Amino acid sequence: MEPFDSNELKSAIRMPGINWNIAFFGGHFQITNEYWHMPPERHSAFEVIQIISGSEQIKIQDEVLTLESNDILLIKPNTLHEIWTGEQTSYFNFHFNVSDARFVNNLVMHKNLIFNSSKDTELTESLGAMRALLNQKMIYDFKTEFQILIYLSDFLLALMESVPGGAGKRTNSVILAEKLMELIQSNLATRIQSVLTNNVYSEKLPELNLAQMAQKLQISPSYAFEVFKKTYKQSPRQYLTKLIMQEAQNWLLIPEIRIQDISYALGYSDPAHFTRQFKKWTGETPRQFQKQVSPTG
């Protein structure tokens, strides 16, 4: 990180700007019967399974794993898996995603990650705190949801410290995919920051153009597509679309900001086009979304 350019701030010690999206897609605790079975499925997010008592067999692609009491398994996104039990088993699971490329790469380069609660106590503590928030009525307020995110952050930090170092090699293609993801994130964040917080409307704003981003990395658009999809199991365009959707929903929660400004910040010169795309993503127009989440209705 470079020092500030201005004379007034040249001696300042900077901190990084962070624009991660950390998503918790829900979880549950369950006690299964003796012959419980979950058919093959795959998810677009990471999945965590913790065995509280009993055992589970999990088929991941062509490998069958046995999870015993206290085992914790991390399943990578878009991984086909099937689960069954031969005895009564209690387990806790949840799904999450983190947009930071370094985090994702550090996990997806490993084959299957299994941890044991007796050895990885920090993982166990964060999962235990999360389970303690379970409510029989399944009604959760803002404070509880915020606590879930806090415990998820604790778990993710402990997870990164528990991942064995050097088990996977970062190839050149992985490094390029990581750089492209960071470029997508930074270009979108710069546009949003300039338009919505600094009121800057300029032709010099970074374009959300994947071909131009690939050119900055001195690779062809087709190769950028190939390495990104191989690394993250989705195309660069799909990833950018998800980011834009998340940011659109976040900024629409602030009624003081005009929808046309949000559309411009997200790369749409025509607010009507943004409205059509938003409805395609969510089933609602931006105004309908705002009305639904507004405290006054």
Side-chain angles (χ1 to χ4, degrees), residues 1 14-27 42-50 60 72-79 81 93-115 120-127 129-130 145-190 192 210 213 217 224 227-247 250:
M1 181 178 294
R14 301 180 63 181
M15 294 184 74
I18 302 172
N19 188 37
W20 296 347
N21 288 298
I22 300 179
F24 182 82
F25 296 109
R42 65 177 82 232
H43 311 288
S44 60
F46 288 97
E47 179 175 4
V48 173
I49 300 176
Q50 180 187 30
I60 300 180
I72 301 166
L73 171 68
L74 178 74
I75 301 177
K76 294 178 287 188
N78 298 303
T79 301
H81 58 284
N93 91 323
F94 59 88
H95 300 84
F96 73 89
N97 259 339
V98 178
S99 64
D100 183 73
R102 296 161 298 181
F103 178 90
V104 173
N105 278 330
N106 207 22
L107 295 184
V108 300
M109 67 174 60
H110 299 278
K111 188 176 181 183
N112 293 307
L113 289 171
I114 301 177
F115 307 93
D120 297 279
T121 55
E122 291 187 4
L123 287 175
T124 310
E125 289 173 2
S126 55
L127 292 179
M130 202 182 296
E145 291 177 355
F146 203 90
Q147 287 176 316
I148 290 172
L149 289 179
I150 291 172
Y151 296 139
L152 174 62
S153 299
D154 290 340
F155 173 79
L156 298 181
L157 184 59
L159 178 63
M160 293 304 295
E161 293 176 348
S162 300
V163 169
K169 183 180 179 181
R170 293 174 73 244
T171 62
N172 288 335
S173 62
V174 168
I175 293 171
L176 282 172
E178 180 179 306
K179 287 181 178 179
L180 181 56
M181 176 178 273
E182 291 174 348
L183 200 54
I184 293 170
Q185 293 172 357
S186 64
N187 277 21
L188 181 59
T190 299
I192 293 170
L210 294 170
M213 295 182 200
L217 297 176
V227 298
F228 195 95
K229 188 159 188 179
K230 183 178 179 181
T231 302
Y232 297 113
K233 313 306 179 188
Q234 59 184 321
S235 71
R237 176 61 61 185
Q238 288 172 326
Y239 175 70
L240 175 59
T241 298
K242 288 179 183 178
L243 274 188
I244 289 174
M245 180 179 68
Q246 291 167 351
E247 291 292 350
N250 291 341

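Because the structure is predicted, anything quoted here is derived from the model rather than measured.
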Heavy-atom closest pair, residues L180 and P236: CD2-CG, 4.1 Å
Report yes if some heavy atom in the side chain of K179 is under 4.5 Å from a heavy atom in the side chain of L183; otherwise report no. no
Who pairs with Y151 by ring pair (Phe, Tyr, Trp, His ring centres under 6.0 Å), at least two apart in sequence or on another chain? none
How far does CE of M213 sit from CD1 of I184, to the nearest 0.5 angstrom? 5.5 Å
Is there a side-chain contact between I22 and L156 (heavy atoms, below 4.5 Å)? yes
Over all atoms of both residues, closest heavy-atom pair of V227 and L176: CG2-CB, 4.4 Å
Could you work out, with ring pair (Phe, Tyr, Trp, His ring centres under 6.0 Å) as the rule, every residue matching F46, not counting sequence neighbours? F96
About how many Å separate CD of E247 and CD of Q185, when rounded to the nearest 0.5 Å? 10.0 Å
Could you tell me the separation between the CD1 atom of I49 and the CG atom of L127, rounded to the nearest 0.5 Å? 12.0 Å
Let me confirm one number: the CE-CG distance from M181 to L243, rounded to the nearest 0.5 Å. 7.5 Å
Just how far is it from atom CD1 of I75 to atom CZ of R42, taken to the nearest 0.5 Å? 12.0 Å
A side-chain contact here means heavy atoms from C-beta on lying under 4.5 Å apart; do F94 and I148 qualify? no
Reported CD-to-CG distance for the pair Q246 and L188, which is rounded to 0.5 angstrom: 10.0 Å
Kindly give the heavy-atom pair with the smallest separation between A45 and H95, and that separation in Å. CB-CB, 4.3 Å
Work out which heavy atom in S126 is nearest to a heavy atom in L123; give both atom names and the distance. OG-O, 2.9 Å
Of all the heavy-atom pairs spanning E122 and A158, show the shortest one and how long it is. CB-CB, 3.8 Å
